[in-house]
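What follows is a set of notes on a single structure, which appears directly below.
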Amino acid sequence: MEELDLNEQQRVRRQKLGELQATSRDPYVRRLPWPRTHTAADAIAAHLDGRLVAEEEVGLVGRLMTVRIMGKASFAHIEDGSGRIQIHIRRDRIGEEVYDNFFKKMIDLGDFLAVRGVMFTTRTGEPTCEVRELALIGKTLNPLPDKWHGLRDVETRYRQRYVDLLANPEVREIFVTRARIVKAIRRYLDDNGFLEVETPVLQPIYGGAAARPFITHHNQLDQDLFLRISFELYLKRLLVGGYERVYEIGRDFRNEGISFKHNPEFTQLEWYEAYTDYHGVMRRVEELLVAIARELGRGMTITYNGHTIDLTPPWRRITMREAILQATGIDYQRYPDAASLAAAMAAARLHPEQTASRGKLIDQLFGDHVEPTLIQPTFILDYPVEISPLAKKKADDPTTVERFEYFIGGLELGNAFTELNDPIDQRARFVELREAVAGADENSHPLDEDFLNALCYGMPPTGGFGTGIDRLTMLFADKQSIREVILFPHLRTT
RNA sequence: GGGCGCGUAGCUCAAUAGGCAGAGCAGCGGCCUUUUAAGCCGCGGGUUUAGGGUUCGAUUCCCUACGCGCUCACCA
């Protein structure tokens, strides 16, 4: 079966495996043959600090990554979770039989080894373990990628991320960065009185965003369920319930196109804070990004996509109206409907999309002419009401809501509102939205009556916020594709 | 879904106006006791993504399929 597809190198390794088993050496041991006293990094540090007494043995484990056999002695590097350490293997130390017939013949790059020996420093100054005893603790049957170039093929890197990770240390580093970002977020919110909660991933009605959902089914209940596209409507229920500050970090699922900044499932942070508005949220967002930068030890300056970005608060705040006016000379407030705005855009040779609504046209102006210029951290304030059904209207302008999105490095990172807590207005907005979607089947997306009922019990004045953890990781890891910051990004099955 | 590009040895990459498919690493055999992309000598390894077409001859040109990348569209 599978054996027929093996290449030469795989066959050689399997033959070695068989020979090891034939000589009753277990290639997949149950226990280490001697204790692991140090990680690679600890052994090097202990040696450099003089913490090891003379002839003190260290026990190390790791994957064999390089070998340089020079006759009767060899140098190699083994790698564990802490890094690499060089080992020196002398035939007169470990014995001719072991050196010639085991180490040289049976051990391959990629195998897991246990060694014990004494630390010394080589002529070139590298801390190295002089091996007194060597054992194979895990055999590897596939050859590793090129030791110098690593694994480059993008498709293989994503499909077989385990190979990418073992061959490319800088890829491992991305996911350390990602974990530290999440840790910094939790610490910031926990320290500021936010309660971490978990709300349903499987929802009978989806809402809180515009995306199309994934649909699944509960067999016993014989009920279709949606994978959530947002946490918003559930978290707001919790404010009705009396929690003042809540947050959730979790997975959202959106059945939309895949791109360098979209994966069908992605990790979202949302928080809701009672008794504040979107200005209060802005200050927190600034503080949060500073906290993340501190956790990563970066200072306030980061590099993204060749740009130097200064995270020092306060960030630029500009309304969408003003930003578009500056970029295009068009003040969309002067054009109260889609037709007049489209005419103004056409007059300015800005190619309006013919069938677009006014909100869409504004979005087009913004996306084409403003968004790409938002390199330094910027809050864009005050969005058209028709594309913001969950945000409170401006007191003096019912066509505009108190909403911001924030942008860094040209990336749209997150979204916030002064939350709409007027249940009558909320119902009206949901209805308007549904009517605006031409040809929509009402039954396919009924109003979330329970959410509206919750608002009728009273939600305090609230500022809410959502941001993509994946995109934040792209920013701080300086990666231009979301697939680089998701361990197992979605690909077509082959 | 549309457009453009890419797919060669285990890995990283070459190659041909259409004319025997190559290198480095890795593997195998040999030499080598302070190397670190170790070095030296020798050897093996390919359905050139898959299927079809044109041709005396296709990795190369054409068509189809599959996958990936970029991009557009979609994405309150």
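So you know, we letter chains A, B, ... as the sequences are listed, proteins then strands, and number each from 1.
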Task: Derivation of the salt bridge (charged side-chain N to carboxylate O under 4.0 Å, His left out) call for A:R429 and A:D425 - done: CA-CA 6 Å; A:R429 300 268 205 101; A:D425 191 10; 3.4 Å; yes

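Both A:E8 and A:P143 lie close to RNA chain B; mapped to their nearest nucleotides by heavy-atom distance, the more 5′-ward contact belongs to A:P143.
For B:U34, its base never sits under 3.5 Å from the side chain of A:E126 at any donor and acceptor pair. Side-chain atoms of A:R68 and base atoms of B:U35 include a donor and an acceptor less than 3.5 Å apart.
Exactly one of A:E270, A:E248, A:E265 qualifies for a salt bridge (Lys or Arg N to Asp or Glu O under 4.0 Å) with A:R228. That residue is A:E248.
Each of B:U12, B:A76, B:U35 was ranked by its minimum atom distance to the side chain of A:D146; first place goes to B:U12. Of the candidate nucleotides B:C28, B:U12, B:U34, B:U12 has the atom lying nearest to any side-chain atom of A:R152. Side-chain proximity of A:E256 to the nucleotides B:A76, B:G30, B:C74 is greatest for B:C74. For A:N7, counting side-chain heavy atoms from C-beta on, the closest listed nucleotide (B:G10, B:C75, B:C11) is B:G10. In the set B:C32, B:C28, B:A37, B:C28 carries the atom at the smallest distance from any side-chain atom of A:V12.
Nucleotide B:G44 is matched to nothing when pairs are restricted to Watson-Crick or G-U wobble geometry with both distances under 3.5 angstrom. Using Watson-Crick or G-U wobble geometry with both donor-acceptor distances under 3.5 Å, B:G18 finds no partner in any strand shown. Across all strands shown, B:U8 remains unpaired; no Watson-Crick or G-U wobble contact has both distances below 3.5 Å. Checking B:C70 for Watson-Crick or G-U wobble geometry (two distances, each under 3.5 Å) identifies B:G3 as its partner. Across every strand in view, B:C32 sits unpaired, with no contact that passes the Watson-Crick or G-U test at under 3.5 angstrom. Pair assignment for B:G51: B:C63, on the basis of Watson-Crick or G-U wobble contacts that are both within less than 3.5 Å.
Distance noted for atom P between B:G7 and B:A50: 13 Å (whole Å). As rounded to the nearest Å, B:A65 and B:G24 have C1' atoms that lie 34 Å from one another.
Note on ring orientation: taking the six-membered ring where Trp is involved, the planes of A:Y406 and A:F465 are tilted (angle from 30° to 60°).
Whole-Å rounding puts the A:M70 CE to B:G39 P distance at 12 Å. The CG atom of A:L144 sits 17 Å away from the P atom of B:C25 (whole-angstrom rounding). For the pair A:L361 CG and B:A76 C1', the interatomic distance rounds to 15 Å; values are reported in whole Å. Between the CD1 atom of A:I89 and the P atom of B:U35 there is a distance of 16 Å, rounded to whole Å.
A salt bridge links A:R403 with A:E405; the closest basic N to acidic carboxylate O contact falls under 4.0 Å.
Checking A:T122 against A:H88 by side-chain atom types alone, no donor-acceptor pair falls below 3.5 Å.
Using a 4.0 Å heavy-atom distance criterion, A:L109 is classed as a sugar-phosphate-only contact. Looking at heavy-atom distances under 4.0 Å, A:F120 makes contact with a base.
Distances shorter than 4.0 Å separate none of the side-chain N or O atoms of A:R212 from OP1 or OP2 on B:C75. Residue A:K104 places none of its side-chain N or O atoms closer than 4.0 Å to OP1 or OP2 of B:C31. The phosphate of B:C11 has neither OP1 nor OP2 within less than 4.0 Å of any side-chain N or O from A:K147. Taking 4.0 angstrom as the limit, A:R91 places none of its side-chain polar atoms (N or O) nearer than this to OP1 or OP2 of B:U33. Distances shown here put every side-chain N or O of A:R13 at or beyond 4.0 Å from the OP1 or OP2 atom of B:G27. Distances shorter than 4.0 Å separate some side-chain N or O of A:K360 from OP1 or OP2 on B:C75. For B:G67, one of the phosphate oxygens OP1 or OP2 lies less than 4.0 angstrom from a side-chain nitrogen or oxygen of A:R492. Put simply, A:R483 has a side-chain N or O that comes within less than 4.0 Å of OP1 or OP2 on B:C70.
At most 12 heavy atoms of other shown residues, nucleotides or ligands fall within 6.0 angstrom of atom CD in A:Q15.
Counting heavy atoms from C-beta outward, A:F417 and A:D277 have side chains that stay 4.5 Å or more apart.
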